[in-house]
Amino acid sequence: MSQNAAVSAGDPLWYKDAVIYQLHIKSFFDGNDDGIGDFRGLIQKLDYLENLGVTTLWLLPFYPSPLRDDGYDIADYYNVHPDYGTMRDFRRFLQEAHKRNLRVVTELVINHTSDQHAWFQRARRAKAGSPERDYYVWSDTPDKYQEARIIFQDFEGSNWSWDPVANAYFWHRFYSHQPDLNFDNPRVHEEIIRMLDFWMGMGVDGLRLDAIPYLYEREGTNCENLPETHAFLKKLRAHVDAHYPGRMFLAEANQWPEDAVAYFGDGDECHTAFHFPVMPRLYMALRMEDRFPIIDILDQTPPIPDPCQWLMFLRNHDELTLEMVTDEERDYMRRVYAEDPRARINLGIRRRLAPLLENNRKKLELMNTLLFSLPGSPVIYYGDEIGMGDNYYLGDRDGVRTPMQWSLDRNAGFSYANPQKLYLPVIIDPEYHYEVLNVENQQKNVSSLLWWTRQAIATRKRYKAFGRGSMKFVAGDNAQVLAFVREHEDERILVVVNLSKYTQMALLDLADYAGSTPVELYSQNRLLEVKESSYVVTLSPYAYYWLALERETHEDDGTTDEGMYELEVQGEWSSVLTESHEFAAQALPAYLRTARWFGDKRRSIQHASIADTLPVEGGGETAYLLVIEVSYREGASDTVLLPVAYAGADKAQRLLDESPRSAIARL
Ligand code: BGC
């Protein structure tokens with residue numbers, strides 16, 4: 001049964017409801033025992049990802065490359081690195097992912113290539129001024145564009161490097177083995193369109209535009225976010241709209257909010273962009289136990305065009321970047337989150353989520369709750385769903401790119417290779433050791449972080465307000481408690497989090513929602529009705545609430561006026577029993593809650609799942625006996641037997657007249 005059946009194939013705004021999972025092929029699973037993850041391995045783990053509930057996979061670069069910047073130094077844009085498999089493997093992976101309704105986002109790294117790319121090798125030998133030479137940016141002196149900052153400042157002293165073959169300096173915003181392409185050369189534009197056609201033509205759903213602010217250079221500027229860059233993006237987007245409607249561009253623009261929103265254009269550049277500035281402020285707010293940094297940065301964030309979406313993240317494959325904070329804030333962040341200088345790199349911190357949060361389960365849940373609640377679509381970094389540790393004694397950013405921990409077997413169940421062959425060693429830090437911290441162990445323990453994450457994702461996916469809703473902060477007297485409402489159509493979700501390590505009480509101004517009843521999303525427990533006067537909430541340390549503000553009983557549970565649930569079904573009606581996640585997760589609990597015969601109504605149903613579907617033939621029609629497992633917020637679960645059959649419109653009406661509570665769903 002597909003967990004993602006609700007992801008509508010045709011919705012061009014799919015990225016608004018996406019839950020994105022970021023992974024590196026080499027790190028996920030090794031399918032050929034050579035110590036390096038590959039597409040064959042990833043295919044074997046797609047069921048795991050589907051089961052986690054994510055809807056979209058973002059793959060880090062997997063193209064032929066000398067791997068001096070982990071694949072962001074591309075030597076051939078039209079192939080797969082042999083360590084990771086073949087083009088055939090990639091195509092099969094894409095097919096298998098799509099079969100599970102998982103979308104695939106890959107990388108379009110166009111600011112620079114590897115110096116091993118044939119274009120660069122040709123350029124350095126070509127005549128100065130020739131179109132071949134002009135694929136890159138050259139100069140006789142290293143003095144041009146002095147206002148451009150150096151990004152990899154721990155490794156590079158200048159954005160220019162001397163090439164003895166060309167007898168000239170070449171421009172690079174990153175490592176000196178990554179020469180920048182010259183976007184003033186129309187041939188470069190053609191090359192990019194060609195590679196975009198290659199990957200999108202194959203069916204890739206989205207492209208992350210790496211390092212997109214730095215495409216052009218102009219004297220007297222900082223060479224970032226230039227009008228020429230935006231003009232080029234509009235051209236690229238027009239091409240995608242004309243040929244690949246429904247696909248997505250994702251801007252990697254590590255910029256202040258007003259510069260980052262420019263990458264949405266007027267809805268005619270990128271569909272999505274990372275919200276870089278909000279990320280460090282989540283960590284600051286938590287450590288300072290104060291909501292101000294979050295409110296402040298979101299207040300500074302201009303509105304974005306309707307079809308566009310922010311992407312929120314807590315961690316990724318790079319250092320926790322501290323470029324978009326003030327100097328004082330950076331000092332503070334480094335002091336409190338990276339006391340050991342070895343944990344620092346460039347302007348950031350090379351640590352994973354769990355170690356940053358002192359492996360504190362409450363903090364992990366709270367930060368993930370913010371990730372899943374703030375306006376935008378969340379991106380989960382592989383391994384963070386189980387709270388993996390890191391190893392900052394490894395070079396560069398490798399400490400957060402170690403093998404995924406599947407089990408306590410050799411190499412964390414990631415590979416059967418000789419442990420010495422692994423592309424990076426597995427984590428053996430006693431606190432995060434793979435023998436204890438792994439997927440297998442967490443699968444077995446329903447109290448694990450993995451189960452929590454799965455449940456949080458499933459819950460988020462039930463409410464469009466998280467992906468599409470407006471956002472309004474709720475005034476409250478206690479700065480340690482952050483509260484806001486996400487609203488979309490009928491859904492209004494109040495999010496309340498306690499950023500403090502102590503129990504807190506807050507008086508929230510919910511007058512706009514007077515008359516509604518907050519219903520906790522996980523338990524479906526109902527809290528006291530909201531009145532005009534302040535609403536009192538008490539929260540234990542680092543507690544969080546997701547509360548649906550319901551106007552009337554059950555108004556929000558998806559049922560129609562007659563108490564029926566509406567479901568869309570294609571083909572046989574019985575496919576809802578096996579394929580519709582919505583049927584089991586929502587229609588059944590909604591029906592059971594109202595069914596007269598159904599046992600203990602004081603207990604809240606947490607979850608219903610169909611354990612078995614037994615066909616019962618009779619009178620030329622097939623009915624089914626469903627074996628349903630019902631679990632509750634507290635206490636033991638029940639097994640319920642429920643006969644179901646299909647009735648056409650007239651018969652259904654007759655039955656409803658006779659017994660108003662006899663129907664579960666309208667198809
Ligand atoms: C990527 C980095 C990479 C850099 C240069 C960044 O945006 O996220 O991992 O080193 O681009 O390509």
Side-chain angles (χ1 to χ4, degrees), residues 20 22-27 58-77 81 105-117 120 136-137 148-156 159 161 170-181 183 192 195 206-215 223-225 229 233 249-255 259-260 263 270 272-277 279-280 311 313-324 345-352 379 381-382 390 394-402 423-424:
I20 302 172
Q22 177 194 358
L23 67 92
H24 203 323
I25 309 297
K26 73 171 186 189
S27 317
W58 155 28
L59 309 185
L60 294 179
F62 51 78
Y63 318 100
S65 155
L67 300 180
R68 295 177 70 194
D69 184 16
D70 211 6
Y72 281 98
D73 45 336
I74 298 177
D76 175 2
Y77 286 96
H81 193 293
V105 174
T106 59
E107 294 266 354
L108 195 69
V109 184
I110 56 177
N111 176 67
H112 47 268
T113 69
S114 158
D115 59 6
Q116 299 307 303
H117 195 290
F120 188 72
Y136 295 87
V137 182
R149 68 193 164 116
I150 293 168
I151 297 169
F152 285 171
Q153 53 176 251
D154 282 4
F155 304 92
E156 301 293 342
N159 287 323
S161 282
F170 64 90
W171 178 252
H172 56 88
R173 291 308 300 268
F174 297 93
Y175 285 120
S176 57
H177 54 76
Q178 288 166 309
D180 277 26
L181 283 165
F183 280 80
I192 302 236
M195 63 174 94
L207 293 171
R208 171 183 179 272
L209 305 180
D210 180 62
I212 205 64
Y214 319 114
L215 299 190
C223 300
E224 299 186 15
N225 315 317
T229 297
L233 279 176
F249 273 162
L250 159 55
E252 194 229 3
N254 188 351
Q255 300 290 327
D259 292 322
Y263 287 89
C270 294
T272 62
F274 292 115
H275 200 311
F276 274 96
M279 181 273 300
L311 295 192
F313 63 103
L314 297 173
R315 287 298 296 115
N316 62 22
H317 63 297
D318 288 326
E319 69 275 24
L320 187 166
T321 160
L322 295 173
E323 279 159 303
M324 295 307 128
I345 187 173
N346 298 321
L347 279 187
I349 301 171
R350 46 176 163 186
R351 301 229 66 181
R352 265 188 179 269
V379 183
Y381 185 51
Y382 87 93
D390 55 31
L394 300 173
D396 201 339
R397 291 147 289 172
D398 283 349
V400 300
R401 300 173 179 180
T402 60
Y423 74 92
L424 281 176

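Predicted model, so just to flag it, every value in this text is computed and none were measured. Atoms within each ligand, like the ligands themselves, are counted from 1 in listed order.
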Is it true that [X] lies under 4.0 Å from ligand 1, counting heavy atoms only?
X      : value
Arg397 : yes
Asp69  : yes
Tyr175 : no
Arg208 : yes

Worksheet item: Which residue owns the protein heavy atom closest to atom 11 (O) of ligand 1, what's the atom, and how far is it?
Response: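 Sorting protein heavy atoms by distance from atom 11 (O) of ligand 1 puts Asp210 OD1, 3.1 Å first.
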Discussion item. Return the closest protein heavy atom for atom 12 (O) of ligand 1 as residue, atom name and distance.
Written reply: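 Here the closest protein heavy atom is His112 NE2, 2.8 Å.
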Does [X] pair with [Y] as a salt bridge, N-O distance under 4.0 Å?
X      : Y      : result
Lys26  : Asp70  : yes
Glu319 : Arg350 : no
Asp390 : Arg397 : no

Worksheet item: Looking only at atom types and distance, does a side-chain atom of Arg315 sit under 3.5 Å from a main-chain N or O of Asp318, one as donor and one as acceptor?
Response: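 Here the side-chain-to-backbone pair exists.
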Practice prompt. Would you confirm whether Thr272, through its side chain, and Phe249, through its main-chain N or O, come within 3.5 Å as a donor-acceptor pair?
Written response: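 Between the backbone of Phe249 and the side chain of Thr272 there is a qualifying donor-acceptor contact (under 3.5 Å).
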Discussion item. Given Tyr136, which partner from the list Phe183, Phe120, Trp171 fulfils the ring-ring contact (aromatic ring centres under 6.0 Å, His included) test?
Written reply: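 Exactly one candidate clears the test, Phe120.
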Worksheet item: Hey, which atoms in ligand 1 end up nearer than 4.0 Å to a heavy atom of Asp318?
Response: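 Per the distance check, 1 (C), 2 (C), 8 (O), 9 (O).
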Worksheet entry | Numbered atoms and elements of ligand 1 in range of Glu252, under 4.0 angstrom, heavy atoms |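 It comes down to these atoms of ligand 1: 6 (C), 7 (O), 8 (O).
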Fill in: Structural part of Phe152 in contact with ligand 1, heavy atom criterion under 4.0 angstrom
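The answer is the side chain.
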Worksheet entry | For ligand 1, the portion of Arg68 having any non-hydrogen atom under 4.0 Å away |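 Answer for Arg68: neither.
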